[in-house]
Number of protein chains: 2
Amino acid sequence: MKQPSRRRYDPDRRNRIIEAALDVIEIHGIAGATHRRIADAADVPLGSMSYHFNGLEEVFVAAFSLLAETVSAKFVELLDAAKTKDEAREAVVELICGNVWATERNMRLSYELYAYSMRNEAIRAVFVDWMARSRRALERHFSSRTADALDTIIEGATIHNTAQPDTVTREVVRWMVLSLTREEYDIG
Amino acid sequence: MKQPSRRRYDPDRRNRIIEAALDVIEIHGIAGATHRRIADAADVPLGSMSYHFNGLEEVFVAAFSLLAETVSAKFVELLDAAKTKDEAREAVVELICGNVWATERNMRLSYELYAYSMRNEAIRAVFVDWMARSRRALERHFSSRTADALDTIIEGATIHNTAQPDTVTREVVRWMVLSLTREEYDIG
DNA sequence: AGACGATGTGTACATCCTTACATATCGTCT
DNA sequence: AGACGATATGTAAGGATGTACACATCGTCT
């Protein structure tokens with residue numbers, strides 16, 4: 001070390017690295033997410049990587065955990081805001097068709113998460129927990145069986161619309177939601 | 001080259017490499033799919049890789065194309081075998097819950113494909129074409145709107161069941177399919 | 001003030017990777 | 001039989017990667 005540039009005081013650098021990791025994964029995929037690229041994105045030296053994490057896998061686990069946390073929170077928030085069953089229905093439609101939850105970024109990252117969870121037990125647990133929370137939020141408004149169904153179409157429709165935008169239109173989504181919640185219909 | 005081991009006569013080696021690539025991707029993901037690993041899996045020397053393909057990307061594109069072809073064919077076959085609307089409904093249930101289509105292998109590979117398609121135009125086209133064929137197969141039995149809906153739940157339910165087997169039970173699936181095809185009910 | 005542990009930084013190294021290519025071998029056409 | 005193009009093979013060059021680690025610097029506690 002010849003010219004040690006002034007060392008930065010940088011608490012929660014660890015968190016910044018984790019967020020940077022998500023940015024890198026979004027663009028390059030897990031396959032292209034390297035120590036160096038993440039370090040650059042977080043604007044920290046390479047050495048910080050080995051200091052804060054025991055290997056790349058630990059970075060990925062932290063990153064995907066953060067993703068699940070963030071996305072799941074938004075999901076629950078939107079559903080909890082609904083006061084009547086009709087509002088809950090509309091919230092589901094909004095989750096699928098709106099630009100709050102099913103963003104391009106979230107979808108890209110979710111796909112990486114899906115794939116990664118097949119090969120990593122910790123991430124699989126994160127994924128399962130995420131789904132459980134979604135399901136619980138839906139169950140505040142709907143029966144257990146209906147919650148399963150709605151969760152299913154949320155997953156499926158967002159994927160379709162990622163590949164081909166507006167294949168599953170808002171109108172079709174609304175119709176699906178109604179069909180699957182009809183028997184529970186109430187005044188609201 | 002000191003001791004050139006007897007060169008093999010090996011037509012359609014290219015295809016074997018492509019299939020081996022899928023095996024490797026299934027186990028190691030795109031991130032861990034290297035020339036060497038694929039060559040080993042296909043039982044060919046490393047040099048064969050650069051002879052048959054101009055880089056890894058070309059291998060991946062070929063592999064995912066093969067996957068889409070194979071899986072899509074099975075999908076269409078099962079649906080085309082249905083003669084009545086009730087049989088078609090049951091075919092959809094079988095696609096989701098059976099062990100023919102939504103196998104562990106296919107799911108793992110599909111996730112890699114989803115993720116990869118976000119970063120590769122050729123694969124995105126393959127993916128879109130795959131979805132179009134599925135939709136067409138469904139439209140032989142159901143209205144356009146219902147086809148969208150069924151395609152959606154197929155996607156969503158298989159994902160849920162991959163993460164947590166039997167979360168979406170056969171019974172729930174059957175109920176969903178019925179709910180979404182009720183208005184089209186006929187004697188069968 | 002001094003010491004000590006936590007945090008930050010640069011660099012080196014072994015490993016693995018992609019890719020290219022010179023050479024060997026085969027099928028087939030004349 | 002001979003020639004020629006397609007196919008097959010081993011190896012090496014050059015670059016990227018993961019990880020370790022020695023050293024610098026800071027916060028904080030005594």
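The sequence lines fix the lettering, A, B, ..., with proteins before strands; numbering per chain opens at 1. Atom set for the values below is all heavy atoms of this structure, side chains included, hydrogens, waters and symmetry mates excluded.
Per the geometry, CG belonging to A:Asn54 stands 8 Å off P belonging to D:dA20, to the nearest Å.
Within residues 11-32 of chain A, no residue is approached by DNA chain D to less than 4.0 Å at the level of any non-hydrogen atom. Scanning residues 33-53 of chain A for heavy-atom distances under 4.0 Å to DNA chain D yields A:Thr34, A:His35, A:Arg36, A:Leu46, A:Ser50.
Counting only distance, with no hydrogens or angles, the side chain of B:Thr158 and the backbone of B:Glu155 share a donor-acceptor pair below 3.5 Å. Not a single donor-acceptor pair under 3.5 Å links the side chain of B:His141 to the backbone N or O of B:Ala137.
For A:Tyr116, there are no side-chain hydrogen bond (donor to acceptor under 3.5 Å, both in side chains) partners, not counting sequence neighbours. Considering only residues two or more places apart in sequence or on other chains, B:Arg174 meets the side-chain hydrogen bond (donor to acceptor under 3.5 Å, both in side chains) condition with B:Glu90.
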Give every donor-acceptor pair under 3.5 Å between a side-chain atom in residues 54-69 of chain B and any protein atom, sequence neighbours left out.
{"from": "B:Glu57", "atom 1": "OE2", "to": "B:Asn120", "atom 2": "ND2", "distance (Å)": "3.1"}
{"from": "B:Glu58", "atom 1": "OE1", "to": "B:Asn54", "atom 2": "N", "distance (Å)": "3.3"}
{"from": "B:Ser65", "atom 1": "OG", "to": "B:Val61", "atom 2": "O", "distance (Å)": "2.7"}

Between side-chain atoms of residues 42-51 of chain B and protein atoms elsewhere (two or more places apart, or another chain), which donor-acceptor pairs fall under 3.5 Å?
{"from": "B:Ser48", "atom 1": "OG", "to": "B:Arg13", "atom 2": "NH1", "distance (Å)": "2.5"}
{"from": "B:Ser50", "atom 1": "OG", "to": "B:Gly47", "atom 2": "O", "distance (Å)": "3.4"}

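Using N1 to N3 plus N6-O4 or O6-N4 for Watson-Crick, or N1-O2 and O6-N3 for G-U wobble, each under 3.5 Å, D:dA6 pairs with C:dT25.
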Practice problem: Could you please spell out the steps behind the side-chain hydrogen bond (donor to acceptor under 3.5 Å, both in side chains) verdict for A:Arg89 and A:Thr181? | Solution: CA-CA 8 Å; A:Arg89 274 189 266 257; A:Thr181 61; 2.8 Å; yes

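B:Thr167 and A:Arg135 share no side-chain donor-acceptor pair at under 3.5 Å.
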